[in-house]
Each structure stands twice: as C-alpha cells, then as structure tokens.
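Reading through the structure tokens given below for one structure.
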There are 2 protein chains.
Amino acid sequence: MENIIKRARKDKKVSQDELAKLCGVSRQTINAIENNKYDPSLVLAFQLAKNLSLTVDELFTFNGGDK
Amino acid sequence: MENIIKRARKDKKVSQDELAKLCGVSRQTINAIENNKYDPSLVLAFQLAKNLSLTVDELFTFNGGDK
DNA sequence: ACATCATGTCAAATATGTTTGACATTTATA
DNA sequence: TATAAATGTCAAACATATTTGACATGATGT
C-alpha cells in the first residue's frame, strides 16, 4: 500500500503536527504512516483524505498483492 | 462509517464465504463488517472494493464525525 | 422430515494500529 | 551561530481488527 500523504501535505503547507490535530491523531501516527511503518485505519484514511482535499482512492494506491 | 457491502455482494451473487476467500480473510470477518461490528483495515477495504468492482469511496461512506 | 448451504454470533488468542513521553536529528530563520 | 520548529524514532501501554473453532438459526431443495 502506497500513499502520497507527504506530498499532498506539503502542497497544503501544513506540518505533521497540524495534520495530526486536524485528523484527531498523534503526530507520531502521521509520521509513521508517511514513512510506511504501517497503514492507517479506514477511518483515519478518510480523515486524511478529507483534510488533504482528496479521495481515499487518490491518496492511497493498493498494489494488488498484500502490502 | 457505513458500507454497502451486503448489497454489492448480493448484486454479484456471491456468498459471504466466497467473498471472504476472494479477499483472503475469514467468513466471520466479512459478516462482522457487513453488520457493522467493526471497520475493515485499509488493505481489506481495498480488496473488498476490488472484488466488488467498486472504489473504496463508493463502497464506504464516512460521516464526518468519528464513526 | 431431512440434508445442505448461508448467515449470525460468541469467546479466546493473535496481529495490527494508536497513544504517550521522551530524545536525537534535521531544517528553517532571527 | 544560535534558537526554534519540524521531523524521525523508540518502547510500553492500550485499542482495534482478524483468526479459529464452535454452535444456532434460517432458507432451499429433495
């Protein structure tokens, strides 16, 4: 699973901390997801998409396989 | 978080068990998600969408709030 | 009535996602 | 160069998702 959160976030000129607050999660969570430590929950994926003005399908790309 | 899995699955005429196998999860997982016991992981959401010929954004609707 | 398939549900175990607090490093900017 | 802001990372605790095995119910067809 890939995501373009870092790019979309920088386009919007918000910090990880600001995006975290907008999504109601911790800064570490945003950081971990941007650096592919793990995938967000579905709810968080929707909140990220919403706060970055994108759809979930635009923000994430699922590479058929398993990860 | 709402989903139209049950409807989309019936349109495709597949059982919970068949959909579960297509997605690589257990039948109970499909059943629980259809009945809103919990939300799927992001990966599973993408697999469900793929196997039901829909996008994640079509299959799930996020109601702003938290759930 | 019987057999079969599909669905709903439970509990316990395991896996994955998230939080908090802390500290190091890098990147700005005064 | 010094200081603050932003990012990367770790460990331990906690929350949520998923599995397995089991059993009950509902629907279908024979």
Side-chain angles (χ1 to χ4, degrees):
Chain A
M1 181 76 76
E2 295 175 12
N3 73 74
I4 58 169
I5 296 174
K6 190 171 294 191
R7 192 147 25 114
R9 179 176 60 78
K10 286 182 175 169
D11 285 352
K12 278 229 160 187
K13 294 200 184 12
V14 295
S15 68
Q16 292 183 341
D17 197 45
E18 289 168 331
L19 180 56
K21 277 163 184 135
L22 286 171
C23 295
V25 295
S26 72
R27 177 182 69 81
Q28 287 88 333
T29 295
I30 300 295
N31 184 78
I33 293 167
E34 282 192 352
N35 291 297
N36 289 298
K37 298 291 174 52
Y38 50 75
D39 294 320
S41 68
L42 186 56
V43 169
L44 180 49
F46 270 94
Q47 291 187 153
L48 285 164
K50 174 182 162 198
N51 288 302
L52 292 172
S53 309
L54 292 172
T55 66
V56 168
D57 290 281
E58 286 169 339
L59 198 49
F60 299 88
T61 57
F62 178 53
N63 296 317
D66 23 25
K67 295 180 180 178
Chain B
M1 181 76 76
E2 294 174 14
N3 74 73
I4 58 169
I5 296 173
K6 190 172 293 190
R7 201 163 58 239
R9 179 175 61 77
K10 286 181 175 169
D11 285 352
K12 277 228 161 189
K13 293 199 178 29
V14 294
S15 68
Q16 291 183 343
D17 197 45
E18 289 167 332
L19 180 56
K21 276 162 185 136
L22 287 171
C23 294
V25 295
S26 71
R27 177 182 70 81
Q28 288 88 333
T29 295
I30 300 295
N31 185 77
I33 294 167
E34 282 192 353
N35 291 297
N36 290 298
K37 298 291 173 54
Y38 49 74
D39 294 321
S41 68
L42 186 57
V43 170
L44 180 49
F46 270 94
Q47 291 188 150
L48 284 165
K50 175 182 161 200
N51 287 302
L52 292 171
S53 309
L54 292 171
T55 66
V56 169
D57 289 282
E58 285 168 340
L59 198 49
F60 299 88
T61 58
F62 178 53
N63 296 318
D66 24 26
K67 294 182 181 177

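Each chain gets a letter, A, B and so on, in the order the sequences are listed, and its residues count up from 1.
B:D57 places a side-chain N or O within 3.5 Å of a backbone atom of A:V56 that can act as its donor or acceptor partner. A:N3 places a side-chain N or O within 3.5 Å of a backbone atom of A:I33 that can act as its donor or acceptor partner.
In this structure, B:I5 places its CD1 atom 12 Å from P of C:dG8, rounding to the nearest Å. What separates CZ of B:R7 from C1' of C:dT7 is a distance of 19 Å, to the nearest Å. One can place CD1 of A:I30 at 14 Å from P of C:dG17, the figure rounded to the nearest angstrom. For A:N36 and C:dT16, the CG to P distance is 15 Å, given to the nearest whole Å. Distance A:R27 CZ to C:dT18 C1': 14 Å, rounded to the nearest Å. In this entry the distance linking CD of B:E34 with P of C:dA6 reads 13 Å, nearest Å. Distance, A:I33 CD1 to C:dT16 P: 15 Å, rounded to whole Å. A:N31 places its CG atom 16 Å from the P atom of C:dT25, with the value rounded to the nearest Å.
Residue whose closest nucleotide on DNA chain D sits further toward the 5' end, between B:Q28 and B:S41: B:S41.
Note that the CG atom of B:N51 and the CG atom of B:L54 stand 11.0 Å from one another [nearest 0.5 Å]. Annotation: the span from B:T61 atom OG1 to B:I4 atom CD1 amounts to 8.0 Å, rounded to 0.5 Å. Here A:I30 contributes atom CD1 and A:L48 contributes atom CG; the two are 5.0 Å apart, rounded to the nearest 0.5 Å. Distance check: A:I5 CD1 to A:F60 CZ gives 4.0 Å after rounding to the nearest 0.5 Å.
If you walk DNA chain D from 5' to 3' and mark each nucleotide with an atom closer than 4.0 Å to a heavy atom of chain A, the marks span D:dT7 to D:dC10.
The stretch residues 14-26 of chain A comes close to DNA chain C through A:G24, A:V25, A:S26, each having a heavy atom under 4.0 Å from the strand.
Every pair passing salt bridge (Lys or Arg N to Asp or Glu O under 4.0 Å) that includes a residue from residues 25-37 of chain A is listed here, sequence neighbours excluded: A:R9-A:E34.
Taking the salt bridge (charged side-chain N to carboxylate O under 4.0 Å, His left out) definition, one finds that B:K6 meets it with nothing, sequence neighbours left out. Take B:D17 and apply the salt bridge (charged side-chain N to carboxylate O under 4.0 Å, His left out) test, not counting sequence neighbours, and it matches B:K21.
Contact of the A:E2 side chain with the A:F62 side chain is not registered, since no non-hydrogen atoms from C-beta on lie closer than 4.5 Å.
In terms of heavy atoms, A:P40 sits closest to B:L42 at O-CB, 3.5 Å.
One finds no side-chain N or O of B:K10 lying less than 4.0 angstrom from the OP1 or OP2 phosphate oxygen of C:dA6.
Direction change of the helix axis from one end of the helix from C:dA1-D:dT30 to C:dA30-D:dT1 to the other is 50°, with five pairs defining each end axis (rounded to 10°).
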